[in-house]
Amino acid sequence: MKIAGVKGMNDVLPGQIARWHEMESVAREVFALYGYREVRTPAVEHAQLFARGVGEVTDIVTKEMYVFEDKGEELLALRPEGTAGTVRAFIEHGAHVDGPQKWYYAGPMFRRERPQKGRYRQFHQIGCEAFGVAEPHLDAEQIAMLDDFLGRLGVRATLKLNSVGDKDCRPAYLAELKGYLLSRKAELCGDCNDRIERNPLRVLDCKVPTCQPVLDAAPRLLDRLCTGCQAHFSAVKAGLDALGVTYQVDPRLVRGLDYYVRTAYEFVSDALGSQSAVAGGGRYDGLVETLGGQPTPGIGFALGQERLALILESLGRVPPERKPAVFFVSADGEGAVEALRRSSALRKAGIACDLDPRGGKMKTQFRQAERVGARYALVLGSAEVASGQANLKDMATREETPVALADLAARLRG
Ligand code: HAM
């Protein structure tokens, strides 16, 4: 019986992996330039971590989390995102004693969403979390870093920026928003109606066309920010201006996770269709404390690697893949042994090469050399072994040039 992969969980095949390697290596390079260091946390955490961290009323926790009982002992969850686990690790290892910290991570996340283009049940994030600095210049620096990263990959995405207030200004606003939404309840879709009581801020995120006029006219948190949040938001914008990062203030930008305060941002791209956010993040100053740590401000983001891969694909940019410099074609048994020996020596010298261990017809071996994209092919048989000479055939021009086998590495390197 053939067993298919799980719905919404994808294979990334060797033919697609160059793009993933490129985004990961550029991320490592750029993040290091800004002082971020990698952390690796488990893909499984206590379910309660996400309920408390991400929020009891979020879709992620109520509908989308893969939760299981581990042999009846503990309730565990596949992580739906990376922030809660990173914060847990930060607290568990007492990292706050070392002052401000900048961490990053990459890995699979799991949400049981309805799969569509750009939305999967297993997806991969590259994320950054910075702890211990409440000042807005950190927000600007981090957003600029993400902008820098996307720019290096040739991706043009629009930065949307908002402030979602804090514990001083948000409660009064939420009450006002709820009142407004209830007054226009009849004009809103079923999903919006479901959310009014539970999570009114998320109603602003609805994309249903008939809801838009109501939501456009809704009271705006940006107009109700307390002095502290207002000053913070202005300073973030000024920081971005100073760094030459362009942004659009989007008063309706809200995020699907409950931990955000003040700065919230997303990078969106037209290449993605309805799942347009390639990355999103924001400040979460109360989260470390909520999860049992010392009061520590924080800000972070995560970008979706599948979505970034879709954008890179739409740009038609194919990062170069390492191809064999030479493919050994064996003419007989003696040639096959020599090919084995020579390929091993070349690889030890750092030169990529290949051969077809099945041997067989030379024509088939040449076809294989073409298929793997080898630059040269080199026929080895008892005659070449005896003379120490062979012909290096350029696979593109078909031109053949003699080469002493002893000089092969130097020749291929040159
Ligand atoms: P998020 O907005 O839920 O934030 O996810 C960040 C990014 O992950 C999204 O912009 C998107 O590119 C990708 N993503 C999310 N869900 C899916 C999915 N089902 N399929 C494919 N890609 C997806 C967070 O997860 C926060 N932890 C970000 C953060 C870090 N905030 C502060 N620190």
Side-chain angles (χ1 to χ4, degrees), residues 6-10 12 23 27 31 36 39 41 45 49-50 53-55 58-61 63-66 78-90 101-131 138-139 142-143 145-146 149-150 155 157-160 162 164 202 205 253-269 271-288 291 296-312:
V6 176
K7 184 176 169 190
M9 306 205 179
N10 302 314
V12 181
M23 55 179 116
F31 296 168
Y36 284 76
V39 61
T41 65
E45 298 274 359
L49 175 73
F50 302 110
V54 174
T58 57
D59 284 354
I60 295 178
V61 169
K63 301 185 194 159
E64 297 165 2
M65 210 152 69
Y66 287 96
L78 299 185
R79 59 180 178 189
E81 58 103 54
T83 309
T86 304
V87 170
R88 185 220 23 90
F90 179 86
Q101 301 275 322
K102 292 172 177 174
W103 291 5
Y104 76 88
Y105 52 86
M109 308 292 160
F110 306 85
R111 295 183 194 174
R112 203 176 184 290
E113 299 196 71
R114 203 162 36 78
Q116 64 178 85
K117 182 185 168 194
R119 189 164 73 189
Y120 312 104
R121 290 182 171 179
Q122 177 183 277
F123 58 98
H124 296 77
Q125 285 186 342
I126 300 180
C128 288
E129 312 293 351
F131 300 104
L138 176 66
D139 310 30
Q142 185 180 81
I143 297 170
M145 174 176 79
L146 181 50
F149 166 77
L150 292 170
V155 171
T158 306
L159 166 59
K160 302 219 163 176
N162 194 16
V164 293
R202 281 290 279 169
D205 204 25
L253 174 72
V254 288
R255 309 261 308 120
L257 308 95
D258 273 358
Y259 44 63
Y260 294 110
V261 293
R262 298 192 163 171
T263 311
Y265 63 98
E266 273 179 3
F267 279 84
V268 298
S269 161
L272 288 173
S274 65
Q275 300 303 311
S276 62
V278 63
R283 197 163 257 292
Y284 47 80
D285 292 346
L287 183 60
V288 177
L291 294 177
T296 309
I299 177 166
F301 69 82
L303 72 90
Q305 289 190 262
E306 282 78 2
R307 294 192 190 173
L308 187 52
L310 283 171
I311 300 177
L312 294 173

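As the structure lists them, so they are numbered: ligands from 1, and atoms in each ligand from 1. Positions are given from 1, in the same order as the sequence printed here.
Relative to atom 3 (O) of ligand 1, the option among R255, E81, R111 with the closest non-hydrogen atom is R111. Relative to atom 9 (C) of ligand 1, the option among G282, A277, G82, G300 with the closest non-hydrogen atom is A277. By heavy-atom distance, the residue among F301, Y259, F110 lying nearest atom 26 (C) of ligand 1 is Y259.
Distances shorter than 4.0 angstrom do not occur between any heavy atom of G127 and any atom of ligand 1. Ligand 1 lies less than 4.0 angstrom from a heavy atom belonging to A279. Taking 4.0 Å as the cut-off, R119 counts as a neighbour of ligand 1 on heavy-atom distance. Note on ligand 1: F267 sits outside its first shell, no heavy atom being nearer than 4.0 Å.
If you check which protein heavy atom lies closest to atom 21 (C) of ligand 1, you get G118 O, 3.2 Å. Scanning the protein heavy atoms around atom 5 (O) of ligand 1, the nearest turns out to be Q125 NE2, 3.2 Å. Scanning the protein heavy atoms around atom 19 (N) of ligand 1, the nearest turns out to be E113 OE2, 2.7 Å. In terms of protein heavy-atom proximity, atom 7 (C) of ligand 1 is closest to A302 O, 3.5 Å. Regarding atom 30 (C) of ligand 1, its nearest protein heavy-atom neighbour is T83 OG1, 2.9 Å.
Open room surrounds CZ on R112; 12 or fewer heavy atoms of other groups in view lie less than 6.0 Å from it.
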Go through it in stages, so that I can follow the logic: the residues are R111 and E81, the test is salt bridge (Lys or Arg N to Asp or Glu O under 4.0 Å), and I'd like the CA-CA distance, side-chain angles, deciding distance and then a yes or no.
CA-CA 8 Å; R111 295 183 194 174; E81 58 103 54; 5.7 Å; no
side-chain contact (heavy atoms from CB on, under 4.5 Å), that's the test. Do V87 and Y259 meet it? Break it down for me.
CA-CA 12 Å; V87 170; Y259 44 63; over 6 Å; no
List the steps, then state whether side-chain contact (heavy atoms from CB on, under 4.5 Å) holds for Y265 with L159.
CA-CA 7 Å; Y265 63 98; L159 166 59; 4.0 Å; yes
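The shortest N or O to N or O distance between G304 and ligand 1 is below 3.5 Å. In terms of polar-atom proximity, Y260 is counted as a contact of ligand 1, with an N or O under 3.5 Å from an N or O of the ligand. At least one N/O-N/O distance between Y120 and ligand 1 falls below 3.5 Å. At a 3.5 angstrom cut-off on N or O pairs, V278 counts as close to ligand 1. Remark: ligand 1 and L257 share no N or O pair separated by less than 3.5 Å (distance only, no angle test).
Heavy-atom proximity to Y284, at under 4.0 Å, picks out these atoms of ligand 1: 32 (C), 33 (N). Under a 4.0 Å criterion applied to the non-hydrogen atoms of E129, ligand 1 contributes the atoms 30 (C), 32 (C), 33 (N). Residue F123 approaches ligand 1 through these ligand atoms, each under 4.0 Å from one of its heavy atoms: 14 (N), 15 (C), 16 (N), 17 (C), 18 (C), 19 (N), 20 (N), 21 (C), 22 (N), 23 (C). Set against the non-hydrogen atoms of G281, the atoms of ligand 1 under 4.0 Å away are 31 (N).
Between A130 and K102, the closest heavy-atom pair is CB-CG, 4.1 Å. Scanning both residues, L303 and F149, for their nearest heavy atoms gives CD2-CE2, 3.4 Å. Scanning both residues, G282 and Y260, for their nearest heavy atoms gives N-CE2, 3.3 Å. In terms of heavy-atom proximity, L291 sits nearest to A84 at CD1-O, 4.2 Å. A pairwise comparison of heavy atoms in Y120 and N10 identifies CD2-ND2, 3.3 Å as the closest pair. Taking both residues in full, the closest heavy atoms of R307 and G118 are given as NE-O, 2.6 Å, listed atom of the first, atom of the second, then distance.
Under the side chain to side chain contact (heavy atoms under 4.5 Å, CB included) test applied with F131, the options L138, T86, L287, I299 reduce to a single match, T86.
For the pair R121 (side chain) and P115 (backbone), a donor-acceptor distance under 3.5 Å is absent.
Of the N and O atoms on the side chains of Q122 and Y66, not one donor lies less than 3.5 Å from an acceptor on the other residue.
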